[in-house]
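Chain identifiers are assigned alphabetically (A, B, ...) following the order of the sequence lines, protein sequences preceding nucleic acid strands; residue numbering begins at 1 within each chain.
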Protein chains: 2
Amino acid sequence: MHRHESHDACHTGVGDMLARAEAVCRERGLQFTPLRREVMEAVAEAGKAQGAYDIAEKLSAPGKRVAPVSVYRALDFLMQQGLVHRIASRNAFIPCAHGHAPGEGVVFLICRTCGLVDEASSEELEDGLDRTLKRAGFTPAHTILEVEGDCGACRERQQPS
Amino acid sequence: MHRHESHDACHTGVGDMLARAEAVCRERGLQFTPLRREVMEAVAEAGKAQGAYDIAEKLSAPGKRVAPVSVYRALDFLMQQGLVHRIASRNAFIPCAHGHAPGEGVVFLICRTCGLVDEASSEELEDGLDRTLKRAGFTPAHTILEVEGDCGACRERQQPS
DNA sequence: GCGGCGGTGATACACTGTAACACTCCCGCC
DNA sequence: GGCGGGAGTGTTACAGTGTATCACCGCCGC
Ligand SMILES: [Zn+2]
Ligand SMILES: [Zn+2]
Ligand SMILES: [Zn+2]
Ligand SMILES: [Zn+2]
């Protein structure tokens, strides 16, 4: 049993995320192999963004080494299926509990104190970005939107007013 | 003389950018050393985002090697002064010709065809992001907003309609 | 002179990600 | 049954990106 305090970034339990991942793969005719499952579980359990090498280390045991390259392959797969996200500014990965619509814009909120990463999405924000891009004559293919700062919980903890 | 076709991402000449950099440093009481100048020049001349190792190679000559670590130090300095930006999704750096207000939100438009990186800013977009963050109870400190896609010029070139 | 400080040179290292190849397993086909 | 062929994984080696550490130098104030 892993310790796992309740916190904002974890709307969904690990079991639920694994079940969803398995369902997604089955319904798309893709393989949810043991390695992919273990990587998904490691990302989901962590509670904060995990580097690929962290995951490789966590999955390795005396006698059974999991190489980073294998983790990368599993992560690539899980990202294609929308089950995990990559946090570019941290070179790390988080589970996704949301199942976004394709093309839906997402903001990653990265707390520099506790390290938790939350996701937010906003129609208004997306429209603003679309209009800005249109004005610039730019056709978007892929957007990275990450904000580093302090989450509500950490701000309260620092200023107990 | 370096070849330097006119293109969107280059609103300002290399000389102007160097002059501005020098002025900024003088007015802030900071040193615009030869190395920093060379790095600034290399970034400004390039016309597209440059990796730190690219810059190091460009500045090196037989008998005078510039190590990447020196380039990183100069780039850190120039970034703190707002003279260059780092493009996280490319691990590369571009000159800034704008002189942003502190805290001003900027979008980087990265063309996946020609590699040019343009900057756009938008009041509307910034307000949308602020409101989204406020709703999430998140206090931002630093934002990364990068869009990869096709710039107008490249889209026309591909579809000469 | 001397001490401190900012900048630079140089080496080594850590971290992140990918290429290439071999092997296995499974499944469809002959 | 034998036989491809493709997907997944193991393994090694390597490329790319960034940092830690120490030494040195030049300058400026004491
Ligand atoms: Zn998500
Ligand atoms: Zn926090
Ligand atoms: Zn700028
Ligand atoms: Zn272009």
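- One atom, OH of B:Y72, and another, C1' of C:dA14, lie 13 Å apart when rounded to the nearest Å.
- For A:S60 and A:R65, the side-chain atoms include no donor-acceptor pair closer than 3.5 Å.
- Between the side chains of B:R28 and B:Q81, at least one donor N or O sits under 3.5 Å from an acceptor N or O.
- The CG atom of A:N91 sits 9 Å away from the C1' atom of D:dT17 (whole-angstrom rounding).
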Trace of the salt bridge (charged side-chain N to carboxylate O under 4.0 Å, His left out) decision for B:R37 with B:E22: CA-CA 8 Å; B:R37 181 186 183 84; B:E22 191 165 5; 3.7 Å; yes
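- One finds a salt bridge joining A:K64 and A:E38 here, because a Lys/Arg side-chain nitrogen approaches an Asp/Glu carboxylate oxygen to under 4.0 Å.
- A donor-acceptor pair is defined here as one N or O able to donate and one able to accept, closer than 3.5 Å; no such pair exists between the side chain of B:S70 and the backbone of B:V66.
- For the pair B:L75 CG and D:dT19 C1', the computed distance is 14 Å after rounding to whole Å.
- Taking atom CD of B:Q80 as the reference point, atom P of C:dG6 lies 13 Å away to the nearest angstrom.
- If you check every strand for non-hydrogen atoms under 4.0 Å, B:R86 touches sugar and phosphate atoms only.
- Residues B:T139 and A:D150 bring no donor and acceptor atom of their side chains to less than 3.5 Å of each other.
- Taking 4.0 Å as the cut-off between side-chain N and carboxylate O, B:R90 and B:E148 count as a salt-bridged pair.
- Side chain to side chain, B:E146 and A:H142 fail the donor-acceptor criterion of an N or O pair below 3.5 Å.
- The CD1-P distance, from A:I55 to C:dT16, rounds to 11 Å in whole Å.
- Side-chain contact check for A:H85 and A:H98: no donor-acceptor pair (N or O, by modelled atom type) lies under 3.5 Å.
- For A:D54 and C:dA14, the CG to C1' distance is 13 Å, given to the nearest whole Å.
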Sequence-aligned protein contact record of nucleotides 6-14 of chain D, with B where the base is within under 4.0 Å of a protein heavy atom and S where only the sugar-phosphate is: -SSBBBB--
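- Note: CZ (A:F93) to C1' (C:dT16) measures 9 Å, nearest angstrom.
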In the 5'-to-3' direction, what one-character label does each nucleotide of nucleotides 23-30 of chain D receive under the scheme B = base within less than 4.0 Å of a protein heavy atom, S = sugar-phosphate only, - = no such atom? --------
